[in-house]
Amino acid sequence: MEYIPLKKEFFKVGALDLAQSLLGKILVHTTPKGLLAGIIVETEAYLQNDPASHSSIGATNRSKPMFEEGGIAYVYFTYGMHYCFNIVSGKKGTGEAVLIRALEPLKGIDIMKLNRKQTNISNLTNGPAKLTQAFGINKNHNYLKLYTKPLYITINPKEDKSKEIIQTTRIGIKVGADLPYRFYIKGNKFVSKL
DNA sequence: CGTAAGATGAAG
DNA sequence: TTCATCTTACGG
């Protein structure tokens, strides 16, 4: 099957809209080891006027990518060992992005198992730092355009049209935890726990 | 099942 | 000192 990248315009909407429209789409990474793909099943929006967002204090060396035009990657390093992958949304100058929290593995599952040193499929990509490890995403992917190779988002031709989207509060944060900026596909087994 | 703590480094 | 996290260890 051939994957066609989404167009740049897809990402120019606000983070809350993008967080929902990304659900059911496919994240593809072409790597030297092979092609990796997974369905996006859980996202969180981080806005500019949002105490939990890296952009809330303005553009810093770390959060700069969030202020670029929608459609690029914002990858940051945290807890001394983990990377998290965000998709920048909106117009240039607006500091917002969508955190990808969980995927459903589609292609390259054997590679993901090697990258993660795990054999259980349901423990490969069900968390923001797990999926970056499984996909081999790191600081080198910061600023990459997500509508071209090697890392891009595509339509899922087999997308379940009847999927139900749940909106609720974000997890794993202290401030801004009351804001309902988290979205996931109801009943999907790969949504992250807590 | 559940809770707790350690790993490890960059940002503020 | 905190942090948009994960894994392992241990008690029930």
Side-chain angles (χ1 to χ4, degrees), chain A residues 11 14-20 22-23 27 36 38 40-68 70 72-90 94-105 109 111-144 146 151 153 165-185 188-194:
Chain A
F11 304 96
L16 287 169
D17 288 329
L18 185 64
Q20 293 169 78
L22 280 170
L23 291 175
L27 175 66
L36 301 168
I40 298 172
V41 300
E42 181 183 3
T43 59
E44 282 181 359
Y46 285 85
L47 308 184
Q48 184 163 354
N49 204 339
D50 171 359
S53 174
H54 293 164
S55 62
S56 64
I57 56 172
T60 65
N61 202 42
R62 176 173 67 170
S63 69
K64 258 188 298 188
M66 296 181 73
F67 290 83
E68 291 298 318
I72 67 166
Y74 168 43
V75 181
Y76 69 89
F77 184 65
T78 192
Y79 289 100
M81 56 178 73
H82 296 303
Y83 292 101
C84 289
F85 171 62
N86 296 254
I87 297 177
V88 175
S89 65
T94 310
E96 56 175 56
V98 176
L99 171 70
I100 306 302
R101 283 198 62 87
L103 303 170
E104 175 176 338
I109 292 174
I111 300 170
M112 295 186 202
K113 286 178 177 174
L114 289 174
N115 287 344
R116 290 269 300 130
K117 301 180 172 57
Q118 295 276 336
T119 53
N120 188 341
I121 291 187
S122 60
N123 194 29
L124 289 178
T125 55
N126 61 333
K130 294 180 183 179
L131 67 91
T132 55
Q133 190 181 23
F135 270 59
I137 294 172
N138 56 53
K139 205 149 196 154
N140 297 328
H141 298 85
N142 204 16
Y143 285 105
L144 284 194
L146 297 174
L151 190 62
I153 312 291
I165 295 177
I166 303 291
Q167 176 170 11
T168 180
T169 52
R170 295 175 294 189
I171 56 183
I173 57 175
K174 294 265 178 67
V175 294
D178 54 323
L179 298 169
Y181 291 171
R182 176 172 173 246
F183 303 89
Y184 64 90
I185 297 178
N188 189 284
K189 137 187 196 194
F190 296 93
V191 171
S192 71
K193 323 264 188 279
L194 189 72

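Residue numbers begin at 1 in each chain, while the letters A, B, ... track the order of the sequences.
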Quiz item: Is the charged tip of A:Arg101 near the ring of A:Phe190: under 6.0 Å from the six-membered ring centre and within 45° of its axis?
Solution: no
Nearest to the side chain of [X], heavy atoms from C-beta on, is which of [options]?
{"X": "A:Lys174", "options": "C:dC3, C:dA4, B:dA10", "answer": "C:dC3"}
{"X": "A:Met81", "options": "B:dA7, C:dT7, C:dA4", "answer": "B:dA7"}
{"X": "A:Tyr74", "options": "C:dA4, C:dC6, B:dG9", "answer": "C:dA4"}

Does [X] place a side-chain N or O at less than 4.0 Å from the phosphate oxygens OP1/OP2 of [N]?
{"X": "A:Lys117", "N": "C:dT7", "answer": "no"}
{"X": "A:His54", "N": "B:dA11", "answer": "no"}
{"X": "A:Thr78", "N": "B:dA10", "answer": "no"}
{"X": "A:Arg182", "N": "C:dA4", "answer": "no"}
{"X": "A:Arg62", "N": "C:dC3", "answer": "no"}

Self-check item: Inter-residue atom distance A:Asn138.CG - A:Gln133.CD, 0.5 Å rounding
Solution: 11.5 Å
Exercise. If the plane angle is over 60° it's perpendicular, under 30° parallel, otherwise tilted; pick one for A:Tyr76 and A:His54.
Key: perpendicular
Quickly work out the [X] [atom1] to [N] [atom2] distance and round it to whole Å.
{"X": "A:His82", "N": "C:dC6", "atom1": "NE2", "atom2": "C1'", "value": "4 Å"}
{"X": "A:Tyr83", "N": "B:dG9", "atom1": "OH", "atom2": "C1'", "value": "10 Å"}
{"X": "A:Asn61", "N": "B:dG12", "atom1": "CG", "atom2": "P", "value": "8 Å"}
{"X": "A:Leu124", "N": "C:dC6", "atom1": "CG", "atom2": "P", "value": "13 Å"}

Quiz item: Taking for each residue the nucleotide of DNA chain C with the nearest heavy atom, is it A:Val175 or A:Ala129 whose nucleotide lies nearer the 5' end?
Solution: A:Val175
Quiz item: At under 4.0 Å between heavy atoms, what does A:Leu99 touch on the DNA or RNA strands: base, sugar-phosphate, or nothing?
Solution: base
Quiz item: Base, sugar-phosphate alone, or nothing: which one does A:Arg101 contact when heavy atoms must sit under 4.0 Å apart?
Solution: sugar-phosphate
Practice problem: Start with the C-alpha gap between A:Thr60 and A:Ser63, add the side-chain angles, then the distance that decides, and say whether side-chain hydrogen bond (donor to acceptor under 3.5 Å, both in side chains) holds. | Solution: CA-CA 5 Å; A:Thr60 65; A:Ser63 69; 3.2 Å; yes
Quiz item: Who is the Watson-Crick or G-U wobble partner of C:dT7, with both distances under 3.5 Å?
Solution: B:dA5
Exercise. Looking only at non-hydrogen atoms, find the nearest pair between A:Glu104 and A:Asn188 and report the distance.
Key: OE1-ND2, 2.8 Å
Quiz prompt | pi-stack flag for A:Phe77 and B:dG9, centroid dist under 5.5 Å, interplanar under 30° | solution = no
Quiz item: Hey, is the side chain of A:Tyr79 pairing donor to acceptor with the base of B:dA7 inside 3.5 Å?
Solution: no
Quiz item: Distance between the C1' atoms of B:dT3 and C:dA4, in whole angstroms?
Solution: 22 Å
